[in-house]
Novice: 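Sharing a structure below in structure tokens format, with a few things to ask.
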There are 2 protein chains.
Amino acid sequence: MTVARAKSEWSIHQIAKAAGTTSRALRHYDERELLKPSRVGSNGYRYYDQESLVRLQRILLLRDLGLGLDAIAEVLDGEADSRTALRAHLDWLKAEQARLARQIASVSRTLDALEKGEPIMANEAFDGFDHTQYKDEVIERWGKESYERSDRWWRSLDDAGKREFMRTQESIAVDYARAYQAGEDPAGEVAQAITQRHYEWITTAWGDKRPSAEQFAGLGQMYVDDPRFTQNYDKHGDGTAAFIRDAMKAYAEANLA
Amino acid sequence: MTVARAKSEWSIHQIAKAAGTTSRALRHYDERELLKPSRVGSNGYRYYDQESLVRLQRILLLRDLGLGLDAIAEVLDGEADSRTALRAHLDWLKAEQARLARQIASVSRTLDALEKGEPIMANEAFDGFDHTQYKDEVIERWGKESYERSDRWWRSLDDAGKREFMRTQESIAVDYARAYQAGEDPAGEVAQAITQRHYEWITTAWGDKRPSAEQFAGLGQMYVDDPRFTQNYDKHGDGTAAFIRDAMKAYAEANLA
DNA sequence: GTAGAAGTTGACGTAACGTCAAGGTCAAGC
DNA sequence: GCTTGACCTTGACGTTACGTCAACTTCTAC
């Protein structure tokens, strides 16, 4: 015969308050089979005991760490190792934090630009281009490995990443077109600064492989030779593609030779 | 008569691909009144023009920054200033990042403890205590201002924060009980290290106001005098409350006098 | 006996689409 | 003219963890 020192059974509101949650959450856990009442009265009332309270507190601890109810159920039911689960969760948290950091940086940049009066949202439309349409040509010119490296990089991006890449491309094209229309020398400082960004952008698209002088200059020539590229750049003004080719050639000779 | 240089109209799939999204998203934006097709065929087909594409690209830009569709609609329809909206969003992003940082820290601590073999999830239950039940007493002993400061702090916490506070309290109580049962001197190094945590914890609960020597020692005496407190600490073993009182008194004399 | 507190089971709402399902429409080849 | 496949449409459910009614029953205290 044991003596009950403390309360041995609580109603749903009582246990909820004791643990710092709500009765709705308790019913939800019941429905999800995460935490069943220790006893259900003939009137349908749920009652919880000490053991329930301990389990509830564990649930809430893991919830406060950010784990989902499925993961919590696996851990508490011994189907998953808690260390493994927490490590996986930690990776997820870090990835989320990195994503937030990128968004914070983007928003900050956008705000800075707005303060300076720069119009941040383009008035012109641009279209995404499907890199797979160049597959055979890329393989022929730079080899299968090059295509696959670039393809892997592209597919590793999420949707937002792909769109950001598209916007960067558009931004570079617009800058080139402006420089061209301002009568800048393609080998001059203004144009070459754009080409610097352009080169970094291509490097990223190549999966962090830096194009050689011939490759970069050859790519520039393609902008003029291949009508699909030419159209894409000349839509900002006829002659832009040729201007870009010249700038890229100059950049290759000056920096990549 | 104008000459259409580029395509002047796209089908839903075409514009989706050009902008880097999906037809489902386009239909969603249509339903949400965020982006209506420029034309709808008699067969119900949606068609989009240049203007639509520009608007779509703006939508996706803001989406990639993390804004919700409601906020985007307000910005694009001129109902809200974009700088104001972005600044508000930036604040939100930073708050989210801080929350993630706290979770990452907690998970890391938990993992470290697990690696060391410490059981991280208590076997015993503890109950949250409702600070408002002490309202009159607190006001009588330490003044109305003290109560309100502490109350403001408590209500500023989110649910997870409140639970974390409860867990800290429990952890301190358990540590005290262990020290007491190990025969430690309440004024000794082991107990005083716990009291140090205890003091910081109380300070936090008081809204970052550091208790004076009398206040801290007086609080310790209350642990013994008030049965609600006594019970709360002696449930870990009779005599724990008195041990804590002695430790707090020693701490007050050594560090707060 | 009756009010008020507390309990119950639905069921909808949340954010932004993904993912079928069932069924028209259109262009191209035979 | 017919078939096939690609593309289009409108529902409608699923996702995450509950919050928030609504309608109704039960317990408790006066």
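Letters A, B, ... are given to chains in the order of the sequence lines, protein chains preceding strands, and every chain is numbered from 1.
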Novice: Can you list everything that forms a side chain to side chain contact (heavy atoms under 4.5 Å, CB included) with A/Glu33? Sequence neighbours excluded, please.
Specialist: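 A/Glu33 satisfies side chain to side chain contact (heavy atoms under 4.5 Å, CB included) with A/Lys36 once adjacent residues are dropped.
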Novice: In residues 16-24 of chain B, which ones come under 4.0 Å of DNA chain C, going by heavy atoms?
Specialist: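 Those residues are B/Thr22, B/Arg24.
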Novice: Between residues 78-90 of chain A and DNA chain D, which residues have a heavy-atom gap below 4.0 Å?
Specialist: none
Novice: Listed by chain and number, what are the side-chain hydrogen bond (donor to acceptor under 3.5 Å, both in side chains) partners of A/Arg24, not counting sequence neighbours?
Specialist: none
Novice: Give every residue pair that meets the salt bridge (charged side-chain N to carboxylate O under 4.0 Å, His left out) criterion with at least one member in residues 50-68 of chain B, sequence neighbours excluded.
Specialist: A/Arg163-B/Asp64, A/Arg167-B/Asp64, B/Arg55-B/Asp77
Novice: Who pairs with B/Glu115 by side-chain hydrogen bond (donor to acceptor under 3.5 Å, both in side chains), at least two apart in sequence or on another chain?
Specialist: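 side-chain hydrogen bond (donor to acceptor under 3.5 Å, both in side chains) check on B/Glu115 returns A/Arg87.
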Novice: Kindly state which residues belonging to residues 52-75 of chain B come within less than 4.0 angstrom of DNA chain C, counting heavy atoms of the residue only, listed by number.
Specialist: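 Hits under 4.0 Å, by residue number: B/Arg63, B/Gly68, B/Leu69.
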Novice: Which pairs count as salt bridge (charged side-chain N to carboxylate O under 4.0 Å, His left out) when at least one residue sits in residues 93-106 of chain A, sequence neighbours excluded?
Specialist: A/Glu96-A/Arg99
Novice: Go through the structure and list residues passing side chain to side chain contact (heavy atoms under 4.5 Å, CB included) with B/Ala113, not counting sequence neighbours.
Specialist: B/Glu118, B/Ile120
Novice: State yes or no: are the ring centers of B/Phe165 and B/Trp153 separated by less than 6.0 Å?
Specialist: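 Centroid separation for B/Phe165 and B/Trp153: below 6.0 Å.
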Novice: Quick one: list whatever passes side chain to side chain contact (heavy atoms under 4.5 Å, CB included) with B/Arg39, sequence neighbours left out.
Specialist: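 Checked B/Arg39 against side chain to side chain contact (heavy atoms under 4.5 Å, CB included); matches are B/Glu9, B/Tyr47.
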Novice: What pairs with A/Arg197 under side-chain hydrogen bond (donor to acceptor under 3.5 Å, both in side chains), at least two apart in sequence or on another chain?
Specialist: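 For A/Arg197, the residues satisfying side-chain hydrogen bond (donor to acceptor under 3.5 Å, both in side chains) (neighbours in sequence not counted) are A/Ser171, A/Asp175.
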Novice: Checking contacts here: which listed nucleotide (D/dT10, C/dA16, D/dC18) is nearest the side-chain heavy atoms of B/Arg27?
Specialist: D/dT10
Novice: For DNA chain D, which residues of residues 31-47 of chain A approach it to below 4.0 angstrom with any heavy atom?
Specialist: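 Result for residues 31-47 of chain A: A/Arg32, A/Asn43, A/Tyr45, sorted by number.
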